[in-house]
Number of protein chains: 2
Amino acid sequence: MNDAGNAALETDPAADATAEGGRRARNKAERRRRIKAAARAVFAEKGFDAATTREIAARAGIANGTLFLYAPDKVDLLMMIVNDELDPLTQASLAVLSADRPLLAQLMEFFGDRYEYWARDPRLSRSLVRETFNHDAFGDKAGPETRRFHTHRARSKARIAAILRAMQAAGNVRADADTDQAARLLWAVYLAEVHEWLNQPAPVLKDGLARLEAPLRLAVSGLQPAGG
Amino acid sequence: MNDAGNAALETDPAADATAEGGRRARNKAERRRRIKAAARAVFAEKGFDAATTREIAARAGIANGTLFLYAPDKVDLLMMIVNDELDPLTQASLAVLSADRPLLAQLMEFFGDRYEYWARDPRLSRSLVRETFNHDAFGDKAGPETRRFHTHRARSKARIAAILRAMQAAGNVRADADTDQAARLLWAVYLAEVHEWLNQPAPVLKDGLARLEAPLRLAVSGLQPAGG
DNA sequence: TTGCTTAAATGAGCATGCTCATTTATGATT
DNA sequence: AATCATAAATGAGCATGCTCATTTAAGCAA
């Protein structure tokens with residue numbers, strides 16, 4: 001990994017500690033990269049529960065204890081990976097929301113992108129959704145990546161509420177609806193449905209989306225302007 | 001525990017194996033009782049996570065391994081207790097549902113009973129709700145008490161759907177609504193809200209119910225007959 | 001280069017949920 | 001009562017997530 005690592009060349013520290021910081025910083029970044037890759041691989045192969053932190057550490061080429069200097073617990077390893085993959089996707093999905101298009105269709109697009117992601121590795125997604133519900137304690141025990149996940153989820157929820165407010169201003173949503181409550185409702189439906197969908201032996205994307213659309217439509221119908 | 005247990009009196013098996021079965025059956029029942037009591041106590045004192053199966057076994061006066069002859073895993077111990085306490089409550093709540101009274105009020109009563117139960121020991125309830133979401137695997141790995149819990153939950157959901165159908169027949173719910181989907185929606189709201197409520201440092205019953213009513217009202221409004 | 005300070009890595013070890021080969025109790029048979 | 005078959009109980013032991021005292025490496029000053 002470090003091809004300039006013999007003692008003779010090591011006399012000048014600057015020779016190795018270039019550009020982006022010293023050796024420490026670079027070693028740390030490199031290790032984090034290897035840990036992510038190892039965790040990704042082992043989780044994919046074995047699933048979250050069967051994966052052991054020992055195997056992840058071994059495959060990353062580090063000692064067991066070292067792993068826990070980079071992630072406070074196993075869950076945070078999973079969140080680390082999922083955050084990296086899900087964040088850009090979420091950002092893209094949120095960007096195309098608009099006040100001018102039908103609410104249900106937009107919701108289905110937004111949630112559909114997530115369903116598509118979950119469908120790529122349903123077993124791992126099932127574990128993630130499970131851990132999502134754990135949200136244990138009141139923030140104390142959660143690792144940084146777990147917190148990141150929930151922060152971004154809250155942002156998404158808020159963004160949906162904002163769109164609802166915009167639609168309200170445009171007259172496409174009942175004026176007397178509480179948009180925050182409505183966003184909570186919609187998200188609750190999404191969570192419950194995705195949970196149930198992923199708890200099937202072999203979740204199929206299309207089936208999941210169909211199961212989602214029905215209660216979502218029902219929830220949306222309560223938001224229609226009077227006489228809609 | 002067995003006061004006729006000396007050898008001299010043991011010559012006649014019938015002297016001890018009375019009424020409700022032989023010694024084996026009675027020992028088993030007695031042990032199950034002690035295990036339940038021990039688990040109840042330890043869970044209440046330490047919370048689910050901090051409670052150890054070793055302490056439960058010790059307090060029940062049995063060996064460690066014996067515990068797992070009576071419950072396949074720790075979660076099933078919790079479910080055993082909760083089922084015993086929650087089942088009568090659920091049955092009573094379901095019994096008073098009727099097609100003639102306002103939907104929202106009935107839902108608030110039904111879910112309110114559960115909130116009241118959860119509020120008695122929020123820490124333990126939090127763990128239970130968390131495990132509820134685990135519903136791991138496709139039924140394979142779940143213990144009998146865990147399965148009992150989910151069966152009864154499904155029954156409750158079905159009962160709500162039935163009430164919705166009755167209300168539909170009475171003209172109090174939109175004729176074109178899918179009552180099964182509607183029940184799913186309502187239950188999803190309940191789950192999401194109870195989850196969020198219990199994840200606060202000190203959940204207060206009234207607050208929780210207030211937070212529940214809002215999105216529930218919204219969901220119900222989508223079920224009103226046209227022009228309601 | 002030599003010390004020295006501090007950050008980082010290490011791996012033995014702990015706690016705990018659960019298993020399983022062995023031991024013990026129970027009930028039936030003679 | 002003696003013998004046997006089977007159900008049940010036992011506790012040593014395993015796997016694994018995580019900790020922490022100890023060791024090693026990195027940066028820096030002289």
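All values below were derived from every heavy atom in this structure, side-chain atoms included, with hydrogens, water molecules and symmetry-related copies excluded. From a predicted model like this one, the values you see are computed outputs, not experimental measurements.
- Taking atom CZ of residue Arg26(A) and atom P of nucleotide dA25(D), one finds them 17 Å apart after rounding to whole Å.
- Evaluation of the side-chain hydrogen bond (donor to acceptor under 3.5 Å, both in side chains) rule for Thr132(B) yields no partner, not counting sequence neighbours.
- Atom CG of Leu78(A) is separated from atom P of dG17(D) by 13 Å (rounded to the nearest Å).
- Under 4.0 angstrom from either OP1 or OP2 of dC18(C) there lies no side-chain N or O belonging to Lys74(B).
- Residues satisfying the salt bridge (charged side-chain N to carboxylate O under 4.0 Å, His left out) criterion with Lys46(A), sequence neighbours excluded, are Glu55(A).
- At whole-Å resolution of the value, CZ in Arg54(A) and C1' in dG11(C) are 10 Å apart.
- The side chain of Arg31(B) sits closest to dT10(D) out of dT10(D), dC18(D), dA8(C).
- Evaluation of the side chain to side chain contact (heavy atoms under 4.5 Å, CB included) rule for Arg211(B) yields Arg184(A), Glu193(B), Glu196(B) as partners, not counting sequence neighbours.
- Applying the 3.5 Å distance criterion, the base of dG27(C) shares no donor-acceptor pair with the side chain of Arg23(B).
- No side-chain donor-acceptor contact under 3.5 Å links His195(B) to the backbone of Val129(B).
- If you take CG of Asp73(A) and C1' of dT19(D), they are 13 Å apart, rounded to a whole angstrom.
- Across its full length, the helix from dT1(C)-dA30(D) to dT30(C)-dA1(D) shows an angle of 20° between the axes of its 5 terminal pairs at either end, rounded to 10 degrees.
- Contacts between residues 55-72 of chain B and DNA chain C, counted as heavy-atom distances below 4.0 Å, involve Asn64(B), Gly65(B), Phe68(B).
- Leu198(A) places none of its side-chain heavy atoms less than 4.5 Å from the side chain of Leu128(A).
- Considering only residues two or more places apart in sequence or on other chains, Trp118(A) meets the side-chain hydrogen bond (donor to acceptor under 3.5 Å, both in side chains) condition with Tyr190(A).
- Here salt bridge (charged side-chain N to carboxylate O under 4.0 Å, His left out) pairs that include residues 108-118 of chain A, with residues two or more places apart or in two chains, are Arg101(A)-Glu109(A).
- Residue Thr53(A) places none of its side-chain N or O atoms closer than 4.0 Å to OP1 or OP2 of dT16(D).
- Distance NZ (Lys28(B)) to P (dA25(C)): 18 Å, rounded to an integer number of Å.
- Here the C1' atom of nucleotide dG17(C) and the CG atom of Asp49(B) are 13 Å apart, to the nearest Å.
- Residue pairs meeting the ring-ring contact (aromatic ring centres under 6.0 Å, His included) criterion with at least one partner in residues 26-81 of chain B, sequence neighbours excluded, are Phe43(B)-Phe48(B).
- The phosphate of dA8(D) (OP1 or OP2) has no side-chain N or O of Arg24(B) nearer than 4.0 angstrom.
- Residues passing the side-chain hydrogen bond (donor to acceptor under 3.5 Å, both in side chains) test with Arg148(B) are Asp84(B), Asp87(B), Glu145(B), sequence neighbours excluded.
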